[in-house]
Every structure is written in C-alpha cells, then in structure tokens.
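What follows is a set of notes on a single structure, which appears directly below.
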Amino acid sequence: MNHNTANIRLIAPWADALADQFNAPYMQSLKSYLRERKQAGATILPAGSQYFAALDAAPPQSVKVVILGQDPYHGPNQAHGLSFSVPEGVAVPPSLRNIYKELQRDLGIEVPEHGCLIPWAQQGVLLLNCVLTVELGQAAAHAGKGWEQFTDAIIKHLATNHEHIVFMLWGKYAQKKGQWIARDRHLVLQSVHPSPLSAHRGFIGCGHFSAANRYLASHQRGEIDWRL
C-alpha cells in the first residue's frame with residue numbers, strides 16, 4: 001500500500017521503510033505547520049504531489065548515487081522535487097550550470113540546454129534536498145521545521161540497509177548528513193557547494209562524476225550515464 005496523507009502519495013518501498021517517521025510527533029508538527037502556512041496564503045513549493053518526487057523516481061533498492069541539495073529552488077516554476085533540477089523550459093540555475101561545467105571538465109559531456117535531471121533519477125540517482133519544501137521567494141523558509149529529521153532517516157536507511165552507494169555531499173549543509181554513512185560500506189565524496197559563491201574553490205575540478213562511476217563499476221553496480 002502506498003502511504004497517503006492529504007493526497008500526497010509515496011511509493012510503497014519508501015513508504016514501508018519510512019512508516020515510523022510518518023507516525024512520529026515531529027512529522028505531525030510538520031504537517032500542521034505546512035497546513036497553517038497554506039491557510040495563511042503562502043505559496044509552498046514544490047506542489048504537494050511533488051514533495052516526494054525524488055523518492056518516487058528512485059526506489060531504495062535502485063539507488064546508486066545520492067546528490068544532496070539544501071532546499072528547493074524558491075523561484076517561480078523552478079522546484080519539482082529533485083535537488084538541483086528544474087523542469088524543461090525553465091532557465092538553468094547558476095549552481096546547476098556549475099555542475100554542468102564540472103561534468104564537461106570531468107567526463108567531456110556536452111553542456112545540456114535544459115536543467116531537467118529526471119534521466120539521472122531514472123538510473124538510480126537520488127536527487128534529495130535536505131528540506132523538501134520552501135516558500136515562493138523565501139530561501140530556507142522551512143528550515144528547522146522537521147524535514148531535516150525525515151531526510152536523516154532516508155540517509156540512515158540507505159546507509160544501513162544497502163551497500164556501495166556513492167554519496168555526493170556538496171557544501172557544509174549536505175556534509176552534516178555524512179555522520180550517518182559508514183565509509184567502509186559506501187563512497188562519500190565531499191566538496192564545496194557548486195553555487196557561484198564557492199564553486200571555484202574546489203567544486204570545479206573535484207572529479208566526483210568519474211569517481212562515482214569508477215566505484216560503481218568496481219562493485220558491479222553499473223555506471224551512471226551522466227549525459228542529458
């Protein structure tokens with residue numbers, strides 16, 4: 001059975017793995033907070049049907065790579081539930097442009113004209129934000145409201161119940177999640193965030209995409225085709 005709360009659905013493998021989280025007091029508080037913000041007229045991003053889009057696109061048994069973002073984009077039409085990704089037809093955000101620059105430098109991949117990363121998710125790349133909602137025009141509006149505990153549980157589940165996953169932790173916010181990950185079971189790749197403020201202090205040149213594929217190949221998990 002899929003988890004169903006206020007018309008928000010989550011595929012069964014993740015719903016089963018996270019069932020205790022949905023019944024936890026912090027999640028009840030989070031749901032109340034989101035409901036109150038909607039009633040107050042706030043525009044919450046992404047749409048409710050896309051809160052769990054990253055999980056829906058990458059069932060736990062298929063996850064090969066985890067790329068952690070901070071929270072969804074807060075501009076109009078940008079957020080669709082996948083970290084760093086935007087729907088086709090929406091301008092490619094600066095952080096994603098820098099990710100593309102590193103892909104080109106690392107693997108010689110031509111820079112895409114769009115910012116939709118769904119093809120990565122379909123190959124087992126979990127594009128997970130640490131906080132799953134935001135408000136229009138207000139970055140980090142929902143930080144500290146409970147999502148962090150929920151995404152901690154996701155990382156813990158993957159790190160404990162699966163092996164040979166590549167975790168890409170870009171920036172200090174994402175790197176806090178690294179405490180749950182055993183380095184003898186998984187590959188943890190860390191660098192500064194790809195935002196324009198920091199990308200040239202180590203993200204450009206990090207080689208994470210080729211490193212991920214070498215690791216996956218060495219454990220017979222299959223490489224990611226990073227082309228879009």
Side-chain angles (χ1 to χ4, degrees), residues 8 10 14 17-18 20-22 24-27 29-31 33-34 37 42 44-48 50-58 60 63-75 78-86 93-96 98-99 115 117 120-121 124-162 165-182 186-195 197-199 203 206 208 212:
I8 297 171
L10 177 60
W14 277 118
L18 300 169
D20 57 335
Q21 302 300 312
F22 286 103
Y26 84 86
M27 183 59 77
S29 296
L30 174 59
K31 287 197 290 186
Y33 173 77
L34 294 173
R37 293 303 301 143
I44 296 178
L45 305 173
Q50 296 177 324
Y51 285 3
F52 303 127
L55 299 175
D56 288 336
V63 174
K64 298 179 180 182
V65 177
V66 178
I67 298 179
L68 281 178
Q70 186 163 340
D71 62 347
Y73 295 121
H74 57 273
Q78 288 183 306
H80 67 148
L82 307 175
S83 63
F84 295 104
S85 180
V86 292
S95 291
L96 184 53
N98 285 328
I99 291 170
L117 305 183
W120 293 359
V125 180
L126 178 60
L127 296 161
L128 182 67
N129 282 311
C130 297
V131 175
L132 299 188
T133 56
V134 74
E135 292 183 18
L136 181 66
Q138 298 183 52
H142 293 175
K145 302 301 182 183
W147 281 126
E148 294 91 343
Q149 191 169 336
F150 181 72
T151 52
D152 278 352
I154 294 168
I155 298 301
K156 289 177 188 177
H157 176 79
L158 290 172
T160 303
N161 295 284
H162 300 271
I165 296 173
V166 181
F167 291 87
M168 296 184 180
L169 308 181
W170 299 335
K172 292 180 181 178
Y173 198 92
Q175 288 163 15
K176 291 178 183 177
K177 301 283 192 189
Q179 63 184 302
W180 314 118
I181 306 165
H186 306 283
L187 178 63
V188 177
L189 301 173
Q190 298 189 167
S191 83
V192 298
H193 195 276
S195 81
L197 297 174
S198 57
F203 179 79
C206 69
H208 283 183

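Below, all heavy atoms of this structure are taken into account, side chains as well, without hydrogens, waters or symmetry copies.
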Legend entry - Sole residue of Lys145, Gln50, His142 in side-chain hydrogen bond (donor to acceptor under 3.5 Å, both in side chains) with Thr133: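 So the option named by the test is His142.
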Minimal non-hydrogen separation, [X] against [Y], with atom names:
{"X": "Ala121", "Y": "Ala58", "answer": "O-CB, 4.1 Å"}
{"X": "Cys130", "Y": "Lys177", "answer": "SG-CE, 3.7 Å"}
{"X": "Pro194", "Y": "Ala199", "answer": "O-CB, 3.5 Å"}
{"X": "Gln175", "Y": "Ser191", "answer": "NE2-O, 2.8 Å"}
{"X": "Leu45", "Y": "Gly75", "answer": "CD1-O, 3.8 Å"}

Are any non-hydrogen side-chain atoms of [X] and [Y] less than 4.5 angstrom apart?
{"X": "Leu127", "Y": "Phe84", "value": "no"}
{"X": "Thr151", "Y": "Leu68", "value": "no"}
{"X": "Ile181", "Y": "Ile165", "value": "no"}

Legend entry - Steps toward side chain to side chain contact (heavy atoms under 4.5 Å, CB included) verdict (Ile154, Leu18): CA-CA 8 Å; Ile154 294 168; Leu18 300 169; 3.9 Å; yes
Inset, instruction - Examine the side chains of Glu148 and Tyr173 and answer whether a donor and an acceptor come within less than 3.5 Å of each other. - result: yes
Legend entry - Polar contact flag, side-chain donor to acceptor under 3.5 angstrom, Ser198-His193: no
Inset, instruction - Sequence neighbours left out, what passes side-chain contact (heavy atoms from CB on, under 4.5 Å) with Leu187? Give chain and number order. - result: Val166, Leu189, Tyr215
Legend entry - Residue pair Leu10, Tyr51: steps toward the side chain to side chain contact (heavy atoms under 4.5 Å, CB included) verdict: CA-CA 9 Å; Leu10 177 60; Tyr51 285 3; over 6 Å; no
Inset, instruction - Would you indicate whether Lys156, at its atom NZ, is surrounded by more than 12 heavy atoms from other residues, nucleotides or ligands within a distance under 6.0 Å? - result: yes
Legend entry - Ser83 backbone acceptor or donor facing Gln70 side chain under 3.5 Å: no
[X] side, atom [atom1]; [Y] side, atom [atom2] - distance, nearest 0.5 Å:
{"X": "Leu132", "Y": "Leu30", "atom1": "CG", "atom2": "CG", "value": "8.5 Å"}
{"X": "Lys64", "Y": "Trp120", "atom1": "NZ", "atom2": "CH2", "value": "14.5 Å"}
{"X": "Ser195", "Y": "Leu96", "atom1": "OG", "atom2": "CG", "value": "13.0 Å"}
{"X": "Gln179", "Y": "Ile155", "atom1": "CD", "atom2": "CD1", "value": "11.0 Å"}
{"X": "Asn129", "Y": "Leu82", "atom1": "CG", "atom2": "CG", "value": "8.5 Å"}

Inset, instruction - Quick one: list whatever passes ring-ring contact (aromatic ring centres under 6.0 Å, His included) with His186, sequence neighbours left out. - result: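 Partners of His186 under the ring-ring contact (aromatic ring centres under 6.0 Å, His included) test: Phe167.
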Legend entry - side chain to side chain contact (heavy atoms under 4.5 Å, CB included) between Leu158 and Leu126, worked out: CA-CA 11 Å; Leu158 290 172; Leu126 178 60; 3.8 Å; yes
Inset, instruction - Report the residue from Phe22, Tyr26, Trp14 that forms a ring pair (Phe, Tyr, Trp, His ring centres under 6.0 Å) with Phe150. - result: Phe22
Legend entry - Identified side-chain contact (heavy atoms from CB on, under 4.5 Å) counterpart of Trp147 within the set Asp71, Val134, Val131, Asp152: Val131
Inset, instruction - Determine, stepwise, if the pair Val63 / His162 fulfils side chain to side chain contact (heavy atoms under 4.5 Å, CB included). - result: CA-CA 9 Å; Val63 174; His162 300 271; over 6 Å; no
